[in-house]
K.L.:
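The structure's right below; bear with me while I get my questions together.
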Amino acid sequence: MADPFSGTGVPVRAAGPEDPAHEWGARWVALPGTVEEVAAVLRACAAADLAAVPSGGGTKLHWGPPPERCDVLLGLSRLDAVLEHAAGDLVVRAQAGVRTAALAAALAARGQELALDVPFAGQATVGGTLAAALPGPRAFRYGTARDLLIGVTVVLADGTVARSGGKVVKNVAGYDLGKLFTGSYGTLGVIAEATFRLHPLPGERCWVVAGMPADDVPDVAAALAAAQAEPSAVEVDRPEPGGPVTLAVLVEGTAARARAAALRDLSGGGAVTGEPPSWWGVVPRGEVLVEVRFPPAAAGAVLRAAAGCGLSLRGSVVAGRVLLEPGAPVAEDALPGLVNGLRERVEAAGGRVNVLAAPHAGVDRWGRVSALPLMRRVKERFDPGRRMSPGRLAGGL
């Protein structure tokens with residue numbers, strides 16, 4: 001096929017083994033540097049019926065099923081500008097390819113932060129953080145990426161540029177684009193710019209770190225969540241399935257140490273430290289990664305289910321979100337049964353199981369998804385030709 005991008009003015013090269021989507025059959029890597037260039041690439045894809053997969057830092061491209069087809073890897077690394085920082089209004093607008101670590105440094109210079117604990121922060125980008133939408137520890141206090149997002153610019157599959165929220169120029173009637181595109185894994189279009197609400201950097205941070213039996217965790221977590229000392233995050237780590245749990249509590253702001261001492265008493269002891277534990281906010285990088293979301297009251301049931309299935313556990317029992325991975329390699333023919341067994345126990349407690357990463361195709365990654373009919377209608381509205389990361393979401397969307 002002749003180069004379909006020759007008239008766009010966008011740098012395009014042949015995909016190679018070093019590219020993260022090479023194994024998906026990508027033929028080209030397009031590197032637009034502006035929103036208009038993203039639109040030009042997608043118009044060319046539409047004209048030639050080419051499937052495109054957006055990529056930021058590539059840290060989470062292995063999450064979710066591989067796309068049904070991928071002709072073009074749409075790299076957003078050149079969209080790397082912080083466009084506007086209205087410090088007085090606690091608002092920042094940044095392009096999708098900005099590394100979250102670079103954004104954090106720019107904001108910190110003005111005494112502010114985007115209160116997201118982003119995994120792989122050195123490589124992860126603003127756009128990828130929104131597309132994958134994995135909450136970090138402080139989502140308990142500040143909310144998720146979706147909650148902090150106040151405006152977004154996206155490019156749809158046909159090259160249309162649309163905006164919603166802050167600084168609206170063109171909207172898509174009836175849709176909140178920020179909410180739709182957050183967690184969409186690139187299946188609706190390309191996130192090009194995002195505007196976020198910020199917070200002042202806290203003057204002090206400290207952590208309470210305590211070990212305890214798993215059976216004690218639900219009551220301790222409930223007491224911490226309701227405490228007047230207002231923790232910003234409460235995380236647990238259990239590297240050995242069925243073993244003891246390390247619980248860590250983050251306290252920020254005024255009188256942080258005094259408040260931490262009160263939370264230490266609620267935790268039954270432990271140490272107050274100025275540094276987080278080594279595992280804090282770290283996402284496991286194994287071949288298999290499972291996310292469980294659940295009502296906080298079901299924390300005990302989730303802990304027991306993870307132990308019963310031989311899975312290590314890390315995350316927030318107060319926010320109802322943990323990540324699990326096998327304590328030992330799981331054979332291909334055994335993984336579906338392990339996931340199904342975990343899902344049965346978790347769903348009985350009112351939770352959900354999503355398999356973020358798995359090396360095998362025979363795993364039910366999503367289970368029952370009640371919103372699937374609505375998701376299909378949205379996909380049809382935004383990408384009727386199924387050219388944006390097709391198959392990356394539940395139901396093959």
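Reckoned from all heavy atoms, side chains included, excluding hydrogens, waters and symmetry mates.
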K.L.:
Search all heavy atoms of Gly143 against all heavy atoms of Leu116 and return the closest pair with its distance.
P.N.:
O-CD2, 4.2 Å
K.L.:
If I take atom CG from residue Asp80 and atom CD from residue Gln95, how far apart are they, to the nearest 0.5 angstrom?
P.N.:
6.5 Å
K.L.:
Step by step, work out the side-chain hydrogen bond (donor to acceptor under 3.5 Å, both in side chains) result for Thr153 and Arg163.
P.N.:
CA-CA 4 Å; Thr153 298; Arg163 295 175 171 89; 3.3 Å; yes
K.L.:
Taking the side chain as everything from C-beta on, heavy atoms only, tell me whether Val38 gets closer than 4.5 Å to Val161.
P.N.:
no
K.L.:
Using a strict 4.0 Å threshold on nitrogen-to-oxygen distance, state whether Arg293 and Glu291 make a salt bridge.
P.N.:
yes
K.L.:
Output all residues satisfying side-chain contact (heavy atoms from CB on, under 4.5 Å) with Ala87, sequence neighbours left out; order by chain, then residue number.
P.N.:
His85, Arg110, Gln112
K.L.:
Roughly how far, to the nearest 0.5 Å, is the CG atom of Leu247 from the CG atom of Asp237?
P.N.:
10.5 Å
K.L.:
Please determine whether side chain to side chain contact (heavy atoms under 4.5 Å, CB included) holds for the pair Val378 and Arg381, giving the CA-CA distance in whole Å, both sets of side-chain angles, and the decisive distance to 0.1 Å.
P.N.:
CA-CA 5 Å; Val378 171; Arg381 168 65 178 83; 5.6 Å; no
K.L.:
Are Val236 and Leu342 connected, step by step, through hydrophobic side chains (Ile, Leu, Val, Met, Phe, Trp, Tyr) whose heavy atoms are closer than 4.5 Å?
P.N.:
yes
K.L.:
Around atom CD of Glu68, are there more than 12 heavy atoms of other residues, nucleotides or ligands at under 6.0 Å?
P.N.:
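Correct, the count exceeds 12.
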K.L.:
Roughly how far apart are Leu50 CG and Arg27 CZ, rounded to 0.5 Å?
P.N.:
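Interatomic distance, Leu50 CG to Arg27 CZ, rounded to 0.5 Å: 6.0 Å.
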K.L.:
Would Leu76 end up clustered with Leu42 when hydrophobic side chains under 4.5 Å apart are linked, directly or stepwise?
P.N.:
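Shared cluster, yes.
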K.L.:
If hydrophobic clusters are built from ILVMFWY residues whose side chains come within less than 4.5 Å, do Val363 and Val346 share one?
P.N.:
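Linked within one cluster.
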K.L.:
Can you confirm whether Val154 sits close enough to Phe382 that some side-chain heavy atom of one is under 4.5 Å from a side-chain heavy atom of the other?
P.N.:
no
K.L.:
List the atom of Arg238, the atom of Ala306, and the distance in Å for their closest heavy-atom pair.
P.N.:
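Nearest pair, atom of Arg238 first, then Ala306: NH2-CB, 3.8 Å.
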K.L.:
Nearest 0.5 Å please: distance from the OG1 atom of Thr100 over to the CG atom of Leu107.
P.N.:
11.0 Å
K.L.:
Can you measure from CZ (Phe196) to CG (Leu90) and round to the nearest 0.5 angstrom?
P.N.:
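Reported to 0.5 Å precision, the distance equals 14.5 Å.
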K.L.:
Check whether any side-chain heavy atom of Arg69 sits under 4.5 Å from a side-chain heavy atom of Pro390, and report yes or no.
P.N.:
yes
K.L.:
Can you find a heavy atom in the side chain of Trp279 that is under 4.5 Å from one in the side chain of Thr246?
P.N.:
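Yes, side chains in contact.
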K.L.:
Check the pair His62 / Leu356 against side chain to side chain contact (heavy atoms under 4.5 Å, CB included), numbers first and verdict last.
P.N.:
CA-CA 8 Å; His62 65 294; Leu356 297 180; over 6 Å; no
K.L.:
Tell me whether Arg352 contacts the main-chain N or O of Trp366 through its side chain, where contact means a donor paired with an acceptor under 3.5 Å.
P.N.:
yes
K.L.:
I'd like to know if the side chain of Ser312 reaches the main chain of Glu325, judged simply by a donor and an acceptor atom lying under 3.5 Å from each other, with no hydrogens or angles considered.
P.N.:
yes
K.L.:
Ignoring hydrogens and geometry, is there a side-chain-to-backbone donor-acceptor pair from Glu37 to Gly33 under 3.5 Å?
P.N.:
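Looks like yes, one N/O pair under 3.5 Å.
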K.L.:
Indicate yes or no for a side-chain donor-acceptor contact from Arg392 to the backbone of Thr187 under 3.5 Å, with no hydrogens or angles considered.
P.N.:
no
K.L.:
Apply side chain to side chain contact (heavy atoms under 4.5 Å, CB included) to Glu193 and Val152, showing your working.
P.N.:
CA-CA 6 Å; Glu193 297 176 4; Val152 68; over 6 Å; no
K.L.:
Report, one line per pair, each donor and acceptor closer than 3.5 Å where one atom sits in a side chain of residues 197-225; sequence neighbours left out.
P.N.:
| residue | atom | partner | partner atom | Å |
| --- | --- | --- | --- | --- |
| Arg197 | NH2 | Asp147 | O | 3.4 |
| Arg205 | NE | Glu252 | OE2 | 2.6 |
| Arg205 | NH2 | Glu113 | OE1 | 3.0 |
| Arg205 | NH2 | Glu113 | OE2 | 3.2 |
| Arg205 | NH2 | Glu252 | OE2 | 3.2 |

K.L.:
Is Arg259 salt-bridged to Glu230, going by a charged N under 4.0 Å from an acidic O?
P.N.:
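Salt bridge absent between Arg259 and Glu230.
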K.L.:
Side chains of Pro119 and Leu134, heavy atoms from C-beta outward: is any pair under 4.5 Å?
P.N.:
yes
K.L.:
Output yes when a side-chain donor or acceptor of Thr8 lies under 3.5 Å from a complementary backbone atom of Phe5, and no otherwise.
P.N.:
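A pair under 3.5 Å: yes.
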K.L.:
Could you check whether Arg141 and Ser232, counting side-chain N and O atoms only, form a donor-acceptor pair closer than 3.5 Å?
P.N.:
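Side-chain D/A pair, Ser232 to Arg141: present.
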K.L.:
Apply side chain to side chain contact (heavy atoms under 4.5 Å, CB included) to Val126 and Leu103, showing your working.
P.N.:
CA-CA 9 Å; Val126 166; Leu103 178 60; 4.0 Å; yes
K.L.:
Under 4.5 Å between any side-chain heavy atoms of Val12 and Val29, yes or no?
P.N.:
no
K.L.:
Do you know which two heavy atoms are closest between Val53 and Pro67, and how far apart they sit?
P.N.:
CG2-CG, 4.0 Å
K.L.:
Quick one: closest heavy-atom pair of Leu79 and Ala192, and the distance?
P.N.:
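It is CD2-O, 3.9 Å.
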K.L.:
Nearest 0.5 Å please: distance from the CG atom of Leu180 over to the OG atom of Ser164.
P.N.:
8.5 Å
K.L.:
Does any non-hydrogen side-chain atom of Val288 lie less than 4.5 Å from one of Val330?
P.N.:
no
K.L.:
Output yes when a side-chain donor or acceptor of Asp89 lies under 3.5 Å from a complementary backbone atom of Val91, and no otherwise.
P.N.:
no
K.L.:
If we only count heavy atoms from C-beta on, is the Val339 to Asp364 side-chain gap below 4.5 Å?
P.N.:
no
K.L.:
Between Thr160 (side chain only) and Leu156 (backbone N and O only), is there a donor and an acceptor less than 3.5 Å apart?
P.N.:
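Between the backbone of Leu156 and the side chain of Thr160 there is no qualifying donor-acceptor contact (under 3.5 Å).
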K.L.:
Starting from Val283, can I reach Trp280 by hopping between I/L/V/M/F/W/Y residues whose side chains sit under 4.5 Å apart?
P.N.:
no
K.L.:
Nearest heavy-atom pair of Val251 and Ala256: which atoms, and what distance?
P.N.:
CG1-O, 3.6 Å
K.L.:
Please report the shortest heavy-atom distance between Thr125 and Gly57, naming the atom on each side.
P.N.:
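Taking Thr125 first and Gly57 second, the nearest heavy atoms are CG2-N, 3.5 Å.
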K.L.:
Might you work through the salt bridge (Lys or Arg N to Asp or Glu O under 4.0 Å) test for Glu235 and Arg138, ending with a clear yes or no?
P.N.:
CA-CA 9 Å; Glu235 296 279 298; Arg138 289 187 298 164; over 6 Å; no
K.L.:
So for atom CD, which belongs to Glu287, do other residues, nucleotides or ligands contribute more than 12 heavy atoms lying within a distance under 6.0 Å?
P.N.:
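Result for CD/Glu287: open.
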K.L.:
Is Glu18 salt-bridged to Arg13, going by a charged N under 4.0 Å from an acidic O?
P.N.:
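Yes, charged N to carboxylate O under 4.0 Å.
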K.L.:
Does a salt bridge link Arg386 with Asp49, judged by any charged N lying under 4.0 Å from a carboxylate O?
P.N.:
no
K.L.:
Return yes if some donor-acceptor pair links the side-chain N/O of Arg264 with the main-chain N/O of Gly269 below 3.5 Å, else return no.
P.N.:
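Checked: no pair found.
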K.L.:
State plainly whether one hydrophobic cluster holds both Leu393 and Leu372, where clusters connect Ile, Leu, Val, Met, Phe, Trp and Tyr through side-chain heavy atoms under 4.5 angstrom apart.
P.N.:
yes
K.L.:
Can any side-chain N or O of Arg365 pair as donor or acceptor with the backbone N or O of Ala358 at less than 3.5 Å?
P.N.:
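Yes: the side chain of Arg365 pairs with the backbone of Ala358.
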